[in-house]
2 protein chains.
Amino acid sequence: MPITIKDVAKKAGVSPSTVSRVLSNHPRISKETARKVKTIMEELGYHQNVMARSLVSNKTYTLGMVLPRPAEELFQNHFFAENIRGITTQASRNGYDLLMTAGHSEAEELTAVTRLVKGRRVDGIILLQSRRNDPIIAFLRNEGFPFVLIGHSEEEILCVDNDNVQAAFDATQHLIAQGHERIGFVSGPPHLTVSIDRLEGYRKAMNGHWLPMQPEWIVEGEFLQESGYRAMSYLMNLPERPTALVVIDDIVTFGILRGLNELGYRVPDDLSLVSFNNIALAELSSPPLSSVDIGIYQLGYMASQQLIRAIQDDHPLPLRTIVPHRLIVRESSLNLKRNWS
Amino acid sequence: MPITIKDVAKKAGVSPSTVSRVLSNHPRISKETARKVKTIMEELGYHQNVMARSLVSNKTYTLGMVLPRPAEELFQNHFFAENIRGITTQASRNGYDLLMTAGHSEAEELTAVTRLVKGRRVDGIILLQSRRNDPIIAFLRNEGFPFVLIGHSEEEILCVDNDNVQAAFDATQHLIAQGHERIGFVSGPPHLTVSIDRLEGYRKAMNGHWLPMQPEWIVEGEFLQESGYRAMSYLMNLPERPTALVVIDDIVTFGILRGLNELGYRVPDDLSLVSFNNIALAELSSPPLSSVDIGIYQLGYMASQQLIRAIQDDHPLPLRTIVPHRLIVRESSLNLKRNWS
DNA sequence: GCTGTATCCAAAAGCGCTTTCAATTGGCTT
DNA sequence: AAGCCAATTGAAAGCGCTTTTGGATACAGC
């Protein structure tokens with residue numbers, strides 16, 4: 001039988017309401033009473049029943065999240081783990097926990113979110129991926145329920161994202177600074193905003209330096225190793241091939257790297273490479289990859305923060321939060337002789 | 001104002017208790033009434049308030065978990081993501097959700113767990129790592145609160161783990177089958193059970209085939225790339241060096257691989273490698289690594305399952321669940337000429 | 001016709017907490 | 001001394017649900 005505020009109240013010789021007020025640091029309670037009650041709580045080992053509090057206050061101090069379905073494994077894993085870390089850190093700093101639920105199909109995901117929202121299980125929802133016309137977003141908007149999207153959206157919703165145009169611009173700029181003039185771009189699926197934005201950043205940088213852009217230097221693919229492999233063999237067989245590549249994702253670069261290895265080309269001597277996301281592996285590959293760190297931890301951190309703000313005050317927030325990126329230069333894009341220590 | 005069972009009851013012309021019974025599929029309710037009530041619930045868009053139910057039934061249908069603090073990044077990320085996937089899949093299949101909370105120090109972790117347990121926030125706890133004399137384990141045992149540990153423990157608690165002796169035996173056996181006789185073992189920190197167990201498996205396999213074991217072929221280190229690098233340079237400088245290695249962790253193998261690369265050795269021709277955990281990267285490296293898949297997803301899955309069983313029925317369960325491993329043979333241990341397709 | 005026994009449902013208590021409303025006190029003013 | 005205000009606390013209602021208890025109805029057996 002757990003200890004309740006009644007037990008504390010009785011022992012302290014006050015009413016349950018007083019104990020409750022002590023719990024929530026109510027201002028109109030005398031210091032003396034507060035201290036006395038707190039002592040008794042310690043003594044009795046009292047702990048607040050969260051459910052009961054939630055029921056009456058209609059607040060759960062919990063953020064909800066639907067587990068993303070397995071997608072591009074490697075990046076996803078890294079992204080997911082880092083992201084969660086950011087989310088929970090900021091959440092727990094504000095007294096919130098994170099509730100996760102799984103959905104193995106789009107329909108199930110919606111059901112799960114509905115259950116969380118309608119069942120008053122959480123105070124807000126964090127969304128990790130958005131599809132076009134996402135029914136979950138539609139549902140949440142319709143309910144007027146607080147939520148934040150980590151990623152890009154055209155819609156008028158709270159979201160946290162990177163400036164991908166600028167990121168690609170920076171990456172390209174870096175290659176240009178290393179003396180490259182023939183720079184290619186290995187993109188992802190062309191309908192994704194991230195592909196579009198990064199391509200634009202690449203274009204901007206190239207144009208800014210009056211560098212020619214051959215259409216055949218721009219290749220589209222998936223976020224897969226194979227895509228990189230294929231792009232590599234295509235590009236290296238061009239009569240006038242690029243000396244450097246900006247690549248949409250580290251995974252794709254691994255494919256390129258593997259292909260180059262097989263063909264006996266060396267990185268960065270024969271081809272310099274810069275890609276995106278700076279997964280842990282980027283540092284471990286040989287040579288280590290230059291990569292744009294998109295601040296995954298911070299994406300989670302900011303999302304959590306913005307969501308909690310949205311929950312707590314009704315002031316309209318700036319809808320879009322941009323998390324800064326950072327180009328991490330490693331050997332794959334350095335115009336130096338390799339220098340293994 | 002959300003719709004409650006009272007609203008449903010009124011509209012259906014029954015009492016709230018009847019609605020409640022319909023919700024929980026109480027047997028003593030007529031099919032007809034049940035159908036009628038369910039129709040009304042649909043109509044009104046009723047959803048059960050989870051908090052209220054939890055309050056009275058003293059069940060939350062939630063499992064709790066403390067986020068591991070950042071450790072060996074790469075493996076952790078992979079492990080964590082896969083693990084969570086396993087946990088939530090099985091949990092949601094049983095109508096449970098997963099609540100995560102963060103602790104940035106050991107003390108904070110304990111506080112967090114206390115809050116979950118004493119605040120009746122969750123029905124059980126999943127622990128991801130165990131230290132010697134883990135205060136969290138002590139606390140949970142003391143409370144008699146259901147929990148499961150993913151990993152090894154000497155104590156009499158519910159846990160889910162691999163058979164690491166057998167796994168190492170299999171890995172070594174495989175190398176022997178490939179014709180190797182001089183096989184080394186690159187271990188992890190010597191006080192960890194996982195290191196001890198895997199070393200034992202290696203020994204068993206070697207002894208089983210009457211193969212000599214040089215003490216200098218056994219090297220201890222950390223779960224770090226650098227450890228592999230160092231082990232490699234040590235081993236390759238031995239007068240009688242091994243032709244194959246069993247390595248405690250894929251990350252360590254990456255270090256070995258990098259070192260070998262620098263020195264111009266080739267894998268598997270000059271040195272064959274088998275390691276553990278089969279992280280996503282193992283497949284992507286060149287050459288792809290042979291690795292023992294320890295079934296991370298299933299570790300989570302089983303942990304979730306065992307915990308829910310422990311929560312739901314009081315029957316004593318088998319304390320230890322062993323998740324099967326599987327050796328994935330890739331090029332790093334194949335005694336063939338490399339054959340890139 | 002009366003009791004027995006199923007079956008189905010309603011009434012009401014209560015889970016542990018917050019919060020409104022009112023009561024009590026002591027110190028000040030007039 | 002009466003009145004008033006502020007500060008502090010208590011009583012009680014109620015959040016939405018489950019569950020116990022018992023009432024109503026129907027039908028069988030005596």
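Every chain is numbered from 1, with letters handed out A, B, ... down the list of sequences. Being a predicted model, the structure only gives us computed values, none of them experimental.
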Distance, rounded to the nearest Å, where [X] contributes [atom1] and [N] contributes [atom2]:
| X | N | atom1 | atom2 | result |
| --- | --- | --- | --- | --- |
| Leu55(B) | dT18(D) | CG | P | 11 Å |
| Ile5(A) | dG10(D) | CD1 | P | 12 Å |
| Lys31(A) | dT9(D) | NZ | C1' | 16 Å |

message: Checking contacts here: which listed nucleotide (dT8(D), dG10(D), dT19(D)) is nearest the side-chain heavy atoms of Ser15(A)?
response: dG10(D)

query: Heavy-atom count around Arg141(A) CZ within 6.0 Å, excluding the residue itself: above 12?
result: yes

message: Test your reading of the model: is there a side-chain donor-acceptor pair from Gln90(B) to the backbone of Gly86(B), 3.5 Å cut-off?
response: no

Expected output: side-chain Thr62(B) to main-chain Thr60(B) donor-acceptor under 3.5 Å: yes

Mind checking [X] for me? I need base, sugar-phosphate or nothing, with any heavy atom below 4.0 Å counting as a touch.
| X | result |
| --- | --- |
| Arg21(B) | base |
| Thr33(A) | sugar-phosphate |
| Arg53(B) | sugar-phosphate |
| Ser20(A) | base |
| Thr4(A) | sugar-phosphate |
| Gly13(A) | sugar-phosphate |
| Val19(A) | nothing |

query: Start at the 5' end of DNA chain C and walk down; is the nucleotide closest to Ser30(B) or to Val56(B) reached first?
result: Ser30(B)

- line: Outermost contacting nts on DNA chain C, any atom under 4.0 Å from chain A heavy atoms, listed 5' then 3', are dG16(C) to dT20(C)

task: Supply the atom-to-atom distance Ile84(B) CD1 to Met65(B) CE, rounded to the nearest 0.5 angstrom.
output: 3.5 Å

field: Close side-chain approach of Leu67(B) to Glu109(B), heavy-atom, < 4.5 Å
entry: no

Residues Arg35(B), Glu32(B): salt bridge by 4.0 Å N-O rule: no

task: Identify, between Met51(B) and His26(B), the residue whose nearest nucleotide on DNA chain D lies closer to the 5' end.
output: Met51(B)

- prompt: Looking at residues at least two apart in the chain, or sitting in another chain, which of them share a salt bridge (Lys or Arg N to Asp or Glu O under 4.0 Å) with Lys118(B)?
  reply: Glu143(B)

